Amino acid sequence: MAHLIQERDIQAGLEQAWHNLTTIVSEVNQENSMPFEVVESPIYYKKQEEDIFGFTKDIYIEDPEFKILLANDDWLPIGDPYGTSYQPSSINMFWDVIKKGMGQTPYQIVSAGTVDNRRKIFASLKVTEGFEVAGRQFDDFITVLDSFDKTTALTAKYLNFCTVCNNTFMASMASGVELGKAKHTQMLEVNVSRLIDAIDGFAGTSNMFKSMLQRAHDVQCSRDEAKAWAAGIHGRNMDKGTNALVQKAARIGELFDSGRGNEGRTRLDAFQALTEFETHESSNRKEAGSQNYTSNWGASALTKTIAAQRFEQDWENNVKRGTKLLESAVSLAN
């Protein structure tokens with residue numbers, strides 16, 4: 001059960017996710033995705049002692065240092081015991097960060113909930129305005145993550161996929177542009193205030209991405225260069241090219257020329273071709289929903305994130321790597 005949506009967990013969303021466990025709602029909010037609050041509780045240890053008459057009785061001793069969180073709906077534990085150096089957040093704090101961080105920016109929560117027996121919580125926000133470059137619409141996603149098991153700090157990330165399960169929770173931690181985080185220390189309140197300011201300034205990250213795509217639209221690119229760049233992205237962990245890599249590069253080359261909005265002229269056409277391939281054509285599995293899974297939170301989502309993260313800085317290196325991989329694949333075929 002890689003999604004780790006257990007009996008106490010809920011993933012509320014606007015549409016059904018790959019795991020078919022989504023509670024579909026018209027509006028995702030705190031009440032339908034996280035209908036509980038965490039309450040700090042002392043930890044007691046049972047010890048047996050004899051009274052003055054020689055009878056054994058149970059006594060309970062409170063741990064002087066460690067506490068644990070309980071959910072106030074079923075009063076069962078959440079996460080692990082923690083000491084005085086760890087400062088847990090709360091469900092209300094999590095949603096307060098979203099509300100105050102987004103401020104006047106229009107947004108829509110598309111997915112939110114808990115995984116791993118409520119040990120991790122998440123919310124993915126689609127910024128409804130997005131932006132346009134060369135007549136093409138791009139969407140902004142912000143994902144807010146937190147945990148009660150010390151897995152992560154309260155973190156906000158700028159991503160191009162939304163979180164729906166433990167798989168995507170972990171992928172979100174490893175991907176995207178970090179807007180800010182609030183570590184679970186005694187300075188949590190101060191750190192949360194800084195995180196709210198960082199989210200509020202996410203427009204700078206969005207504008208940076210928009211500027212990068214605009215510059216890509218201004219740089220000429222041939223079909224062979226686009227294919228080599230795509231091969232370099234897909235073959236980032238390969239030593240030698242394969243027939244499958246050649247076929248992917250060829251298809252992306254076709255989309256470079258004829259994909260939606262593409263003209264086969266610029267680096268933006270190359271970026272758009274790879275994105276279109278990963279979104280609609282990358283899965284070779286026949287199961288229903290497999291393309292949707294890989295595009296939004298599987299390997300294709302990671303590929304799209306990697307392509308966008310260091311698009312300009314790594315362009316030449318990816319082209320060189322891709323050229324070598326494609327040439328090696330041809331040599332193997334001969």
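Starting from 1, each residue takes its place in the sequence as its number. The structure presented is a predicted model; accordingly, all values stated were derived computationally and were not measured.
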Path from Phe256 to Leu268 over hydrophobic side-chain contacts below 4.5 Å: no
query: Is there a donor-acceptor pair closer than 3.5 Å between any side-chain N or O of Thr185 and the backbone N or O of Met187?
result: yes
- request: Measure from the side-chain N and O atoms of Ser328 to the backbone N and O of Leu325, and report whether any donor-acceptor pair falls under 3.5 Å.
  value: yes
query: Should side-chain heavy atoms under 4.5 Å link Ile, Leu, Val, Met, Phe, Trp and Tyr, which residues sit in the same cluster as Phe55?
result: Ile52, Phe53
- line: Closest non-hydrogen contact found for Gly241 with Ala329 is C-CB, 3.7 Å
Within 6.0 angstrom of Asp218 CG, more than 12 heavy atoms from elsewhere: yes
field: Test item: Leu70 and Ile78 side chains (from C-beta on) under 4.5 Å apart, heavy atoms
entry: no
message: We want to know whether Ser111 and Ser124 form a side-chain donor-acceptor pair, criterion being a heavy-atom distance below 3.5 angstrom.
response: no
query: Should Asn72 and Val38 be marked as a side chain to side chain contact (heavy atoms under 4.5 Å, CB included) after you check the CA-CA gap, both sets of side-chain angles, and the distance that decides it?
result: CA-CA 6 Å; Asn72 68 354; Val38 292; over 6 Å; no
- prompt: Are the charged groups of Glu189 and Lys183 less than 4.0 angstrom apart, N to O?
  reply: no
- request: Let me see the working for Asp63 and Tyr45 under side-chain hydrogen bond (donor to acceptor under 3.5 Å, both in side chains), right down to the final yes or no.
  value: CA-CA 7 Å; Asp63 190 292; Tyr45 296 97; 3.3 Å; yes
query: When rounded to the nearest 0.5 angstrom, what distance separates CG in Asn117 from CD1 in Ile5?
result: 12.5 Å
Working for side-chain hydrogen bond (donor to acceptor under 3.5 Å, both in side chains), residues Thr56 and Glu49: CA-CA 5 Å; Thr56 301; Glu49 287 187 354; over 6 Å; no
Trace of the side-chain hydrogen bond (donor to acceptor under 3.5 Å, both in side chains) decision for His234 with Glu278: CA-CA 11 Å; His234 280 101; Glu278 296 297 337; 2.3 Å; yes
message: Using the rule given for side-chain hydrogen bond (donor to acceptor under 3.5 Å, both in side chains), can you reason through Trp315 versus Glu225, listing the C-alpha separation, both sets of side-chain angles and the distance that settles it, and then say yes or no?
response: CA-CA 10 Å; Trp315 177 273; Glu225 185 180 8; 2.8 Å; yes
- request: Compute both the distance and the angle, then confirm whether Arg118 meets the cation-pi test with Phe36: under 6.0 Å from the six-membered ring centre, within 45 degrees of the axis.
  value: yes
- prompt: Do NZ/NE/NH1/NH2 and the carboxylate oxygens of Arg251 and Glu276 come within less than 4.0 Å?
  reply: no
message: If you define the side chain from C-beta out and look only at heavy atoms, does anything of Val133 sit under 4.5 Å from Lys210?
response: yes
statement: One should read off an interatomic distance between Lys240 NZ and Thr242 OG1, to the nearest 0.5 angstrom, of 12.5 Å
- request: Please name the pair of heavy atoms, one in Leu14 and one in Ser26, separated by the smallest distance, quoted to 0.1 Å.
  value: CD2-O, 3.7 Å
- request: Would you mind listing every side-chain hydrogen bond (donor to acceptor under 3.5 Å, both in side chains) that reaches into residues 83-101, with sequence neighbours excluded?
  value: Gln30-Asn92, Glu37-Asn92, Ser89-Asp146, Asp96-Lys100
task: Would you tell me whether Tyr82 and Glu40 have side-chain atoms, one donor and one acceptor, within less than 3.5 Å of each other?
output: yes
query: Are side-chain heavy atoms of Leu154 and Val97 found at a separation under 4.5 Å?
result: yes
task: Measure the OH-CD distance between Tyr44 and Glu62 for me, rounded to the nearest 0.5 Å.
output: 4.5 Å
task: From the options Ile121, Val115, Asp116, select the one residue that forms a side chain to side chain contact (heavy atoms under 4.5 Å, CB included) with Arg119.
output: Asp116
- prompt: Which heavy atom in Lys227 sits nearest to a heavy atom in Ala249, and how many Å separate them?
  reply: CG-O, 3.3 Å
field: Shortest non-hydrogen contact from Thr266 toward Ala216
entry: CB-O, 3.6 Å
query: What is the distance from atom CZ of Phe66 to atom OG of Ser41, rounded to the nearest 0.5 Å?
result: 14.5 Å
query: Checking Thr323 side chain against Val319 main chain: does a donor-acceptor pair fall under 3.5 Å?
result: yes
task: Return the minimal non-hydrogen interatomic distance between Ser33 and Val28, and the atom names on each side.
output: CB-CG1, 4.5 Å
- prompt: Are Val246 and Leu326 side-chain neighbours, meaning at least one heavy-atom pair lies under 4.5 Å?
  reply: yes
message: For Ala12 versus Thr22, what's the shortest heavy-atom pair and its separation?
response: C-CG2, 4.2 Å
query: Taking C-beta and beyond as the side chain, do Met34 and Phe94 meet within less than 4.5 Å on heavy atoms?
result: yes
message: More than 12 heavy atoms of other residues, nucleotides or ligands under 6.0 Å from NZ of Lys320: yes or no?
response: no
message: Is it the case that the side chain of Asp200 and the backbone of Ile196 share a donor-acceptor pair, with hydrogens and angles ignored and the cut-off at 3.5 Å?
response: no
message: Please say yes or no: joined through hydrophobic side-chain contacts below 4.5 Å, possibly via intermediate residues, are Ile43 and Tyr60 part of one cluster?
response: no
Heavy-atom check, side chain of Thr143 versus side chain of Leu125, under 4.5 Å: no
field: Presence of salt bridge, Asp257 and Arg223, under 4.0 angstrom
entry: yes
query: Got a donor-acceptor contact below 3.5 angstrom from the Asn262 side chain to the Asp269 backbone?
result: yes
Charged N-O contact under 4.0 Å between Arg8 and Asp74: yes
query: So, does Asp9 use its side chain to make a donor-acceptor pair with the main chain of Gln6 at under 3.5 Å?
result: yes
message: Under the criterion side chain to side chain contact (heavy atoms under 4.5 Å, CB included), I'd like the reasoning laid out for Met93 against Val192: C-alpha separation, chi angles, the key distance, then a yes or no.
response: CA-CA 9 Å; Met93 177 182 288; Val192 164; 3.7 Å; yes
query: Between Ile142 and Lys126, is a side chain to side chain contact (heavy atoms under 4.5 Å, CB included) present by the stated rule, with each step listed?
result: CA-CA 7 Å; Ile142 290 177; Lys126 179 180 179 182; over 6 Å; no
query: Are any non-hydrogen side-chain atoms of Lys57 and Gln48 less than 4.5 angstrom apart?
result: no
statement: Distance col, row Trp229:CH2 vs Arg321:CZ, nearest 0.5 angstrom, shows 12.0 Å
message: Taking Asn191's backbone N and O only, do any of them form a donor-acceptor pair with Ser193's side chain (distance below 3.5 Å, no angle check)?
response: no
query: Do Met238 and Lys324 have side-chain heavy atoms sitting under 4.5 Å apart?
result: no
query: For Phe131 and Leu213, what are the C-alpha separation, side-chain angles and deciding distance, and is it a side chain to side chain contact (heavy atoms under 4.5 Å, CB included)?
result: CA-CA 11 Å; Phe131 59 85; Leu213 294 176; 3.8 Å; yes
- request: Would you confirm whether Asn29, through its side chain, and Asn32, through its main-chain N or O, come within 3.5 Å as a donor-acceptor pair?
  value: yes
message: As an exercise, state the distance from OH of Tyr158 to CD1 of Ile199, rounded to the nearest 0.5 Å.
response: 14.5 Å
- line: Residues passing the ring pair (Phe, Tyr, Trp, His ring centres under 6.0 Å) test with Phe271, sequence neighbours excluded, are Phe311
